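Following: one structure in structure tokens, then a few remarks.
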Amino acid sequence: EVTLLTSGIMQIGWDGYNSTFRHMDNKGIGDCRWSVGYDGSRQVVYNCGEAIQVRKTRKWKASDVVGCLINFSDKFILFTLNGKTVIKTSSIPHDKVFFAGASLSCNQQCRFNFGDVPFKYLPRRSSLKHKR
């Protein structure tokens with residue numbers, strides 16, 4: 001879970017061990033085939049290098065909470081904004097090791113919560129299973 005401290009361009013999500021993004025190439029989380037990232041400022045999910053517009057939720061703002069859940073059994077990634085589903089991908093990148101990650105534009109800030117304090121928005125049970 002990630003709390004936004006600013007509202008600008010950030011790509012938050014999952015980065016595979018084989019990821020190839022580099023800041024000097026202007027590439028971030030989701031811009032290569034081994035990562036997936038959500039940018040609520042631009043309302044885009046970057047899934048393995050493909051940009052997917054997600055306009056059913058509003059643009060994010062400071063103090064919003066982004067959820068990033070990866071389900072290895074059913075092979076999907078779920079992004080939420082303040083507990084509401086933004087998108088559930090139909091696949092995950094073909095990598096065996098993933099890290100939570102973020103690519104932030106200049107002066108952007110966020111705070112990761114890996115469970116050391118209670119999550120603000122637990123995923124709904126219905127969102128944990130992939131619809132086939």
Side-chain angles (χ1 to χ4, degrees):
E1 193 174 77
V2 181
T3 300
L4 305 177
L5 304 179
T6 56
S7 61
I9 295 173
M10 298 178 259
Q11 291 171 219
I12 298 171
W14 296 98
D15 190 27
Y17 178 77
N18 291 308
S19 181
T20 57
F21 82 86
R22 299 181 321 174
H23 71 279
M24 54 274 227
D25 294 335
N26 203 26
K27 302 283 184 186
I29 302 289
D31 289 332
C32 80
R33 65 182 180 155
W34 292 286
S35 63
V36 178
Y38 167 48
D39 181 345
S41 175
R42 293 182 281 191
Q43 294 179 288
V44 175
V45 169
Y46 297 94
N47 188 3
C48 304
E50 177 187 351
I52 304 164
Q53 289 293 153
V54 287
R55 299 210 188 268
K56 68 180 185 175
T57 57
R58 63 168 172 73
K59 290 185 176 187
W60 64 24
K61 60 183 180 14
S63 80
D64 280 345
V65 177
V66 176
C68 306
L69 180 139
I70 189 166
N71 182 320
F72 290 104
S73 300
D74 292 330
K75 295 184 174 33
F76 70 85
I77 294 174
L78 173 71
F79 288 103
T80 61
L81 183 63
N82 298 325
K84 296 180 181 166
T85 298
V86 172
I87 193 170
K88 185 188 290 189
T89 68
S90 58
S91 64
I92 59 174
H94 298 288
D95 211 330
K96 293 184 178 15
V97 178
F98 289 90
F99 307 93
S103 305
L104 285 68
S105 291
C106 191
N107 299 318
Q108 299 307 303
Q109 299 177 32
C110 62
R111 182 178 299 122
F112 277 79
N113 175 10
F114 294 104
D116 55 325
V117 296
F119 292 120
K120 290 183 181 178
Y121 299 99
L122 290 173
R124 294 184 189 105
R125 194 174 289 271
S126 61
S127 65
L128 297 178
K129 283 290 191 188
H130 192 18
K131 295 177 184 170
R132 297 176 197 255

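What's counted below: heavy atoms across the whole structure, side chains too, no hydrogens, waters or symmetry copies. Here the structure is a predicted model, which is why all the values come from computation and not from measurement.
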Quiz item: For Lys59, does the NZ atom have more than 12 heavy-atom neighbours from other residues, nucleotides or ligands under 6.0 Å away?
Solution: no
Practice problem: Could you tell me whether the side chain of Phe119 reaches within less than 4.5 Å of the side chain of Asn113, counting heavy atoms only? | Solution: yes
Self-check item: Donor-acceptor contact present, side-chain Asn82 to main-chain Val65, <3.5 Å
Solution: yes
Quiz item: Are Val45 and Leu81 connected, step by step, through hydrophobic side chains (Ile, Leu, Val, Met, Phe, Trp, Tyr) whose heavy atoms are closer than 4.5 Å?
Solution: yes
Practice problem: Please work out whether the ring planes of Phe98 and Phe72 are parallel, tilted or perpendicular, with thresholds of 30° and 60°. | Solution: tilted
Quiz item: Are Ile52 and Val66 joined in one hydrophobic group, where the rule is that I, L, V, M, F, W and Y side chains link up if heavy atoms are under 4.5 Å apart?
Solution: yes
Quiz item: Can you tell me if CZ on Arg42 sees more than 12 non-hydrogen neighbours from other groups inside 6.0 Å?
Solution: yes
Quiz item: Ignoring hydrogens and geometry, is there a side-chain-to-backbone donor-acceptor pair from Gln43 to Gln53 under 3.5 Å?
Solution: no
Quiz prompt | Any donor-acceptor N/O pair, Trp60 side chain to Gly8 backbone, under 3.5 Å | solution = yes
Quiz item: When rounded to the nearest 0.5 angstrom, what is the spacing between CG in Leu104 and CG in Asp39?
Solution: 9.5 Å
Quiz item: So do the side chains of Val36 and Ile92 get within less than 4.5 Å of each other, counting heavy atoms only?
Solution: no
Self-check item: Any donor-acceptor pair under 3.5 Å from Thr57 side chain to Val86 backbone
Solution: no
Practice problem: Hey, could you give me the CG/CE distance between Leu4 and Met10, rounded to the nearest 0.5 Å? | Solution: 4.5 Å
Exercise. Find out whether Lys88 and Asp74 are in side-chain contact, i.e. whether some heavy atom of one side chain is under 4.5 Å from a heavy atom of the other.
Key: no
Practice problem: Please name the pair of heavy atoms, one in Val2 and one in Cys110, separated by the smallest distance, quoted to 0.1 Å. | Solution: CG1-CB, 3.6 Å
Quiz item: Atom NZ of Lys84 and atom NZ of Lys56: how far apart are they, to the nearest 0.5 Å?
Solution: 11.5 Å
Practice problem: Determine whether Ile70 and Phe114 fall in the same hydrophobic cluster, where Ile, Leu, Val, Met, Phe, Trp and Tyr are linked whenever their side-chain heavy atoms lie under 4.5 Å apart. | Solution: yes
Quiz item: Could you give the distance from CG (Asn71) to CZ (Phe76), rounded to the nearest 0.5 Å?
Solution: 4.0 Å
Quiz item: Are Cys68 and Trp14 close enough that some pair of their side-chain heavy atoms sits under 4.5 Å apart?
Solution: yes
Practice problem: Taking side-chain hydrogen bond (donor to acceptor under 3.5 Å, both in side chains) as the test, write out the residues that go with Gln108, two or more places apart. | Solution: Thr6
Quiz prompt | Backbone of Ile29 reached by a side-chain donor or acceptor of Ser103 within 3.5 Å | solution = yes
Quiz item: What is the minimum heavy-atom distance between Ser35 and Gly28, and which atoms define it?
Solution: OG-O, 4.3 Å
Exercise. Quick one: pull up CD in Glu50 and CG in Asp31 and give me the separation to the nearest 0.5 Å.
Key: 12.0 Å
Practice problem: Please tell me if the side chains of Val54 and Phe79 come closer than 4.5 Å, counting only heavy atoms from C-beta onward. | Solution: no
Quiz item: Would Ile77 and Tyr38 show up in the same hydrophobic cluster when neighbours are defined by side-chain heavy atoms closer than 4.5 Å?
Solution: yes
Quiz item: What is the distance from atom CG of Leu69 to atom OG1 of Thr80, rounded to the nearest 0.5 Å?
Solution: 8.5 Å
